[in-house]
Amino acid sequence: MSTVTRFAPSPTGELHIGGVRTALFNYAYAKKKNGKFLIRIEDTDLERSTKEYENNILQSLNSIGLIPDQDPINQSKRSELYLAAAKKLYEDGHAYYCNCSKERLDELRSSLQEQGKKPQYDSKCRELNLSKSNDTVLRLKTPLEGQTIVKDYVRGEIVFENSELDDLIILRSDGTPTYHLCNVVDDFEQGVTTVIRGEDHISNTPRQIHIQKALGYPELEYAHLPLVLGNDKKRLSKRHAATGLEEYQSKGYLNSAILNCLARLGWSKGDKEVFYLDDLIKDFELTEIQRAGAIFDQSKLDYLNSQHLANLSIDEFKIAITPFTKKLDIDIDTHQHLELLINSMRSSAHTLSGIATNLVPYFKDIDSYDQKALEKFVAPAPTILSYIHDALNKIENWNEEVLDNEMNIIKEELNLKVPQINQPVRIALTGSTNSPSLGTTMYLFGREETLIRIKALIESL
RNA sequence: GUCCCGUUCGUCUAGAGGCCUAGGACACCGGGUUUUCAUCCCGGCAACAGGGGUUCGACUCCCCUACGGGAUGCCA
């Protein structure tokens with residue numbers, strides 16, 4: 001049987017990186033098995049679900065390349081299916097109507113808890129043969145004894161005593177189906193074979209297995225992933241800074257780097273740290289997933305991003321950085337030595353937005369100089385710049401070698417140390433002391449612009 | 001409370017009883033290259049939660065404790 005996995009988010013918030021990782025593992029496993037990866041929107045909670053969040057989730061998954069093999073489905077549009085399943089359960093004697101009031105349930109729970117027992121429904125209505133009415137819920141007849149064993153790829157076999165589980169509600173008193181029913185029915189209807197989801201669902205699993213069995217559905221395979229945590233070791237949530245996928249994308253982290261980073265959270269293959277989606281698909285095994293929760297570390301993402309950035313071809317890099325340079329109102333295609341510029345600057349920051357910012361001086365006039373640098377390198381000897389300007393002005397053959405050579409000559413003539421003559425020029429050209437090697441930098445600016453900028457700095461003093 | 005899951009350097013992880021003097025990566029610290037910054041290279045720091053077993057031998061197996069997480073909803 002061909003493998004089918006699914007990512008089943010509920011649209012009650014933006015897609016965060018923990019969700020992306022769950023989707024990623026679902027995707028990778030399906031692809032590895034030559035199966036299908038599906039998306040299901042679990043929007044049965046009308047109160048909290050919104051179309052905006054749904055769109056955000058779908059768009060995010062699409063933008064990062066985790067494309068489903070079929071159009072996503074919405075649970076909110078499939079009630080007939082759930083109702084039909086509920087009806088079958090009732091007719092087959094696997095479910096019963098219950099009219100216990102909320103008050104009774106609350107009392108029951110608290111009194112059981114006082115006795116040190118597990119708070120659960122006492123199955124009062126189980127044999128009463130109640131019929132459906134306005135205030136009845138439909139409950140599943142959970143097996144009273146025996147065990148339910150969840151076979152999990154990452155944790156092995158997890159055993160639950162059936163006596164620990166009560167008769168769960170599958171249809172609310174307003175007639176709408178609950179999560180567990182929808183989940184089980186859809187997994188069956190969609191042909192899902194393998195459930196890969198967060199470990200917060202482990203204790204839900206035996207309940208779902210009971211529904212499956214009652215409905216006569218085949219068994220599923222499970223893999224419960226450890227959770228992605230914030231710095232405080234707490235489960236990632238809105239309280240943590242920067243959890244949304246879009247935030248990372250808009251800061252200029254490459255999709256491939258984000259995916260790489262997320263995949264390494266809970267999974268590894270030998271000493272391989274830098275890899276791509278294709279590698280993951282090839283190497284991935286559910287049994288290799290780590291069992292403990294993992295803290296998301298941004299400095300690791302920074303590193304991985306640098307590596308992925310370095311691996312981009314010039315054309316790929318151009319395409320990747322363009323949205324960021326556009327935002328800063330610069331058009332890198334206008335540069336006369338674009339390839340050299342990119343290769344000189346691509347490692348200047350960890351993110352595309354950082355690199356784009358560093359690129360600005362190469363396209364726009366300097367509107368402010370680094371004051372500290374000015375004080376340190378220019379203020380002590382302001383006349384050096386004029387000397388350099390005049391010397392460079394005589395150079396016709398404007399290339400890196402000649403320029404480096406000339407700077408060396410100037411250094412000898414003035415009997416100065418390298419930083420004393422190099423740094424003022426850097427400041428004149430880029431506004432700061434940071435730039436590629438000086439010959440390259442002057443070459444990148446060209447003869448005319450280099451001279452203009454040196455002059456401009458002299459005049460601004 | 002009860003049930004379930006988990007616990008190796010600051011972080012992500014390797015580790016399937018002797019290969020472990022516990023390996024790699026990020027971060028950090030130091031050095032080199034770059035006549036600046038970044039990159040890159042080299043080196044260093046740093047962990048088996050605690051206690052009992054089992055065993056000739058335990059990071060690895062068992063039990064207990066502690067700590068963290070989840071479930072215990074007419075949320076998903």
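Please read all numbers here as calculations on a predicted model, not as lab measurements.
With both ends at atom C1', the span from B:C59 to B:U21 equals 15 Å, rounded to whole Å. B:C19 and B:A76 have their C1' atoms separated by 47 Å, given to the nearest Å. One P atom belongs to B:C26, the other to B:U39, and the distance between them is 11 Å to the nearest Å. When the C1' atom is used for both B:A27 and B:C20, the distance is 24 Å, rounded to whole Å. Straight-line distance between the C1' atoms of B:G44 and B:G24: roughly 16 Å, to the nearest whole Å. Comparing B:G30 with B:U65, their P atoms are spaced 46 Å from each other, to the whole Å. Only the P atoms considered, B:G57 is 15 Å distant from B:G52, to the nearest whole Å. B:U8 and B:A49: their P atoms are spaced 6 Å apart (whole Å).
Residue A:Gln307 has a polar side-chain atom (N or O) positioned under 4.0 Å from OP1 or OP2 of B:C40. Look at A:Gln290 and you'll find a side-chain N or O under 4.0 angstrom from OP1 or OP2 of B:A14.
When heavy atoms are screened at a 4.0 angstrom cut-off, A:Ser268 is found touching the sugar-phosphate backbone but no base atom. Nucleic acid contact class of A:Asn183 (heavy atoms, under 4.0 Å, all strands): none. Counting non-hydrogen atoms under 4.0 angstrom, A:Val274 reaches nothing in the nucleic acid. Residue A:Gly266 is classed as a sugar-phosphate contact, given heavy-atom separations below 4.0 Å to backbone atoms only. Nucleic acid contact class of A:Arg291 (heavy atoms, under 4.0 Å, all strands): sugar-phosphate only.
The two residues A:Glu247 and A:Thr243 come nearest to each other via the heavy atoms OE2-N, 3.3 Å.
A:Arg172 and A:Thr176 are linked by a side-chain donor-acceptor pair at a separation below 3.5 angstrom, with hydrogens and angles left out of the test. Of the N and O atoms on the side chains of A:Tyr82 and A:Asp186, at least one donor lies less than 3.5 Å from an acceptor on the other residue. For A:Asn311 and A:Tyr276, the side-chain atoms include at least one donor-acceptor pair closer than 3.5 Å. Checked by atom type, the side-chain pair A:Glu42/A:Tyr179 shows no donor-acceptor distance below 3.5 Å. Under the 3.5 Å distance criterion, with hydrogens and angles disregarded, no donor-acceptor pair is assigned to the side chains of A:Gln208 and A:Tyr217. Looking only at atom types and distance, the side chain of A:Ser173 has no donor-acceptor partner in the side chain of A:Asp135 under 3.5 Å away.
Rounded to whole Å, atom P of B:U35 lies 12 Å from atom CD of A:Glu400. Remark: P of B:C12 and CZ of A:Arg21 are 11 Å apart, rounded to the nearest angstrom. To the nearest angstrom, P of B:C5 lies 12 Å from CD1 of A:Ile149. Note: NZ (A:Lys269) to P (B:G15) measures 10 Å, nearest angstrom. A straight line from CZ of A:Arg426 to P of B:U36 spans 7 Å, rounded to a whole angstrom. A straight line from CG of A:Asn405 to P of B:U35 spans 14 Å, rounded to a whole angstrom. Between A:Asn434 atom CG and B:U35 atom C1' the separation is 15 Å, expressed in whole Å. Following rounding to the nearest Å, A:Ile17 (CD1) and B:C12 (C1') show an atom-to-atom distance of 13 Å.
Toward the 5' end of RNA chain B, the nearer of the two residues A:Ala349 and A:Gly270, judged by each one's closest nucleotide, is A:Gly270. Taking for each of A:Cys261 and A:Phe160 the nucleotide of RNA chain B with the nearest heavy atom, the 5'-most of the two is the partner of A:Phe160.
Ring geometry for A:Tyr29 versus A:Phe284: interplanar angle over 60°, hence perpendicular rather than tilted (30 to 60°).
In a base pair of the Watson-Crick type (N1 to N3 plus N6-O4 or O6-N4) or a G-U wobble (N1-O2 and O6-N3), with each distance short of 3.5 Å, B:U7 is matched with B:A66. Across all strands shown, B:G44 forms a Watson-Crick or G-U wobble pair with B:C28, both key distances being under 3.5 Å.
Judged by the 6.0 Å distance and 45° axis criteria, A:Lys251 is positioned over the aromatic ring of A:Tyr248.
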Between A:Tyr97 and A:Asn99, is the side chain to side chain contact (heavy atoms under 4.5 Å, CB included) condition met? List the steps.
CA-CA 7 Å; A:Tyr97 285 101; A:Asn99 63 0; over 6 Å; no
When you check every protein heavy atom under 4.0 Å of nucleotides 62-76 of chain B, what one-letter string (B, S, -) results, 5' to 3'?
-------SBSBSBBB
Quick one: what's the B/S/- string for nucleotides 24-30 of chain B, heavy-atom cutoff under 4.0 Å, read 5' to 3'?
BBSS---
Give every donor-acceptor pair under 3.5 Å between a side-chain atom in residues 400-418 of chain A and any protein atom, sequence neighbours left out.
residue, atom, partner, partner atom, Å
A:Glu400, OE1, A:Thr440, OG1, 2.8
A:Asp404, OD1, A:Gly439, N, 3.2
A:Glu413, OE1, A:Tyr387, OH, 2.6

